[in-house]
Amino acid sequence: MQTLIELRALTKWFGTPHAGGILAVDGVSFKVERGEVLGFLGPNGAGKSTTMKMVTGFLPPSSGQALVCGNDVAVNPLDVKRTIGYLPEGAPAYADMTPEAFLNFCAQVRGLTGEAGRKAIARAVERTNIQGVLRQPVETLSKGFKRRVGLAQAILHEPRVLIMDEPTDGLDPNQKHEVRALIRDMAHEGAAGCGRAVVLSTHILEEVEAVCTRVVLIARGRVVADCTPAEFMSKSRYHNAVTLALVPPPGVMVFDELRRIAGVADVEDLGTSSTPDGTQVRCTVLASRGKAIAPEVSHLIKSKGWQVDLMRVEAGRLDDVFRDLTTANQPQPTKAAPAGAA
Amino acid sequence: MHGFIPILKRELAGYFVTPVAYVFIVIFLVLTGVFTFQLGGFFERNQSDLRPFFDFHPWLYLFLIPAISMRLWAEERKSGTIELLMTLPVSRAGAVAGKFAAAWLFAGVALALTFPVWITVNYLGEPDNGAIFTGYIGSFLMAGGFLAVGACVSAATKSQVIAFIIAVVLCFGFLLAGFTPVTDFLSGWAPPALVDTIAGFSFLTRFDSIAKGVIDLRDLIFFASLIALCLFINAAVLEARKA
Ligand SMILES: Nc1ncnc2c1ncn2[C@@H]1O[C@H](COP(=O)(O)OP(=O)(O)OP(=O)(O)O)[C@@H](O)[C@H]1O
Ligand SMILES: [Mg+2]
């Protein structure tokens, strides 16, 4: 393993501290190793884009360091910028240029001239599927194509570190799929087999399951979770939960029976509906932390002889964990610290 | 100066893929024509030189140059491409100089396209072509001075309109610094050293002497150092106000 990105207590104030300034990023530290795809999550305004802008050398940090391939961005900005491919939020590109001219410009700036430049551009164009729009001014492109042009620019020079701010925002489902495949490829292969580190921010949580090998969740500028997607999901109250749809004989208190199983934390009622066989009851049986309750639940059902229409074990719900972690400890305006009592 | 050449090329091409270049060049040529031949009394003077032609350049530049410089950085800020540009491996010096050089070259192209005026005067008489040549040099330098001031202003704002207006006002100040009514007004109360310093910043006085055919090293140094200073400030403004 080799650390390609390292953030050390990276902090960013907009404006002056204590004078109406905004603390956008508050001591963020994490590392990204070779071959990793890091999903950078957080609610709107959490500081994801600001963090990325500091790592890519666009904004200077107020304090702390960002190291890319061992180079401090503040000390060796050019070296860092050479190793990074960056897709800024909203994929900005020069509106009156054609993608062809734009990619040519990026190639030249990156020192890819002549044959090397042509090859690099051809490869990036093919991978992002923008062959059809190469001669059309960027301002007339659809949002999705604009983003793909931005992606092409970011991967042009086969960067060792790829940083993308909401890369799949605005893409159709097919393109999302393609881009995710591209991201996975990029992380694995890498120039001369050296592998890459990929950091992407997203609001689409399925994307995390689909491509990420690690998750860093920030809220109000601070890291609140740094783990694998599986660990992340296991924090969910739905982790190991069992969702059921069954038709019990009339008069049986299903929920009470389920609650009596050891390891069951709660049962959530999902409603009922009438079927030809009787009344169907739907519910989710929640497990206590770290308990696997599926065997007991199915044992109970079998022993009682209830008719089961559906039984599904839940892995956990990302959005649920996301909500829990990003709203915890948030000062509640209505129930704020007892001002009068203090 | 990393990225100087690609940025220069991109910017220069940028002028010609949009109507900006053509509109600018046509307006510049039409106005120089009108000013020279109508207002300047080119024919009535019966002298074979280009004084009436050059005399109007400062006033033309006052409005036309800020129209070029206003978009240099304001547009990048507005569209967010500044984030892209500044995260590519280019140095700030390279970006600032590349953009400025492209704009200056473009102004130079527009200026060079006034050559029919020069042909006319040579056809009609026997002008002092040396003086005309220095006139062109002086005009080009002055355009560079205006552009550098404008670029600096453009770096500080997102709005092209604001960049235009402030650049016009600043350039007007540089023009008027050596204007007799202004120096008279100043000398009423300001110490002579200050009046001289302010007058020394006058584009008008310096351009006038170059256009007369007198190339004074001090005038060249003035324009060169003014441009350098403005570009330096431009880079500093970019660093300070990135987001
Ligand atoms: N240039 C700026 N000046 C002042 N405040 C800023 C600036 N840029 C960002 N901020 C503030 O910093 C905080 C973090 O913003 P940031 O754009 O990093 O959030 P984000 O996590 O990317 O959100 P989103 O998911 O909406 O993209 C926000 O409160 C934002 O208002
Ligand atoms: Mg963002």
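So that the names make sense, note that chain A is the first sequence line, chain B the second, and so on, each numbered from 1. These values consider heavy atoms only, across backbone and side chains, with no hydrogens, waters or symmetry-generated copies.
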Residues B:R71 and B:Q160: side-chain donor-acceptor under 3.5 angstrom: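 Result is no, nothing qualifies.
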
Derivation of the side chain to side chain donor-acceptor pair (under 3.5 Å) call for A:Y94 and B:S79: CA-CA 8 Å; A:Y94 291 103; B:S79 65; over 6 Å; no

Salt bridge (Lys or Arg N to Asp or Glu O under 4.0 Å) contacts touching residues 79-90 of chain B (sequence neighbours left out):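 For residues 79-90 of chain B: A:K53-B:E83.
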
Under a 4.5 Å heavy-atom cut-off, does chain A meet the side chain of [X], its backbone, both or neither?
{"X": "B:V17", "answer": "side chain"}
{"X": "B:E75", "answer": "neither"}
{"X": "B:I5", "answer": "neither"}

Backbone N/O of B:A155 and side chain of B:R77: donor-acceptor pair under 3.5 Å: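 Side chain of B:R77 to backbone of B:A155: a pair is present.
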
Contact winner vs chain B - A:D96, A:L78, A:T83, heavy-atom pairs under 4.5 Å: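 Looking at each option in turn, the highest pair count goes to A:L78.
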
